[in-house]
Amino acid sequence: MTDTPVWLIIASLGALTYLTRFVFLGLVGDRPLPPWLLRHLRYTGVAILPGLAAPLVVWPAAAGGETDLPRLVAAAVALGVGAWRKDVIQAVIAGGLTLGLLGWLVNG
């Protein structure tokens, strides 16, 4: 593949990304959004964060792409604390501390 199609794809994806954000920020930014849309936007983080974190838990590059126990346990602890406390910060801290502690115990 030559450089021209690659740059055309990058430019078109950048333009599409800009247009999708402009719809919300430029056209609708000064008006209140309808309640049904606000209700659905609350779940954006819940949908995006697991999609970003799951590959790092199941196939971590730090472990050579192999699943390892400390990451699985840390993810389970973070999920449990998040469901129990309903607080993302506490879930992240609990998962990070669990991963650090188990990584230290397993690797010495």
Side-chain angles (χ1 to χ4, degrees):
M1 183 179 276
T2 63
D3 289 343
T4 305
V6 171
W7 283 109
L8 285 174
I9 291 169
I10 291 171
S12 60
L13 288 175
L16 288 172
T17 301
Y18 177 80
L19 288 174
T20 56
R21 292 178 183 176
F22 180 75
V23 167
F24 284 103
L25 299 175
L27 300 178
V28 187
D30 59 345
R31 290 179 284 209
L33 295 174
W36 65 268
L37 182 59
L38 290 174
R39 186 173 53 249
H40 291 298
L41 286 175
R42 284 191 310 200
Y43 299 109
T44 303
V46 176
I48 298 296
L49 288 176
L52 292 173
L56 299 174
V57 171
V58 180
W59 304 288
E66 297 293 323
T67 305
D68 60 343
L69 186 62
R71 283 178 178 75
L72 289 176
V73 172
V77 167
L79 181 65
V81 169
W84 172 49
R85 301 294 296 170
K86 306 282 192 269
D87 188 0
V88 174
I89 302 299
Q90 290 179 8
V92 168
I93 290 171
L97 289 174
T98 304
L99 180 61
L101 178 65
L102 287 178
W104 178 71
L105 289 173
V106 170
N107 297 325

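Along the sequence shown, residues carry numbers from 1.
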A.B. asks: Distance-only criterion, 3.5 Å: show the donor-acceptor pairs between side-chain atoms of residues 88-101 and protein atoms not counting sequence neighbours.
C.D. replies:
residue: Q90; atom: OE1; partner: R85; partner atom: NE; Å: 3.0
residue: Q90; atom: NE2; partner: D87; partner atom: OD2; Å: 3.4
residue: T98; atom: OG1; partner: A94; partner atom: O; Å: 2.7

A.B. asks: Hey, could you give me the CD1/OG1 distance between I9 and T4, rounded to the nearest 0.5 Å?
C.D. replies: 11.0 Å
A.B. asks: Cut-off 3.5 Å, no hydrogens considered: what does the side-chain donor-acceptor table look like for residues 22-50, sequence neighbours left out?
C.D. replies:
residue: R31; atom: NH2; partner: L27; partner atom: O; Å: 2.4
residue: T44; atom: OG1; partner: L41; partner atom: O; Å: 3.0

A.B. asks: Hydrophobic side-chain clustering at under 4.5 Å (ILVMFWY, transitive links): who's grouped with V57? Put none if nobody.
C.D. replies: L72
A.B. asks: Sorted by first residue and then second, give each side-chain hydrogen bond (donor to acceptor under 3.5 Å, both in side chains) pair with at least one member in residues 5-29; sequence neighbours left out.
C.D. replies: none
A.B. asks: Which residue pairs pass the side-chain hydrogen bond (donor to acceptor under 3.5 Å, both in side chains) test when at least one of the two sits in residues 66-83, sequence neighbours left out?
C.D. replies: D68-R71
A.B. asks: Taking ILVMFWY side chains as joined if any heavy atoms are under 4.5 angstrom apart, and letting links pass through other members, which residues group with W59?
C.D. replies: V58
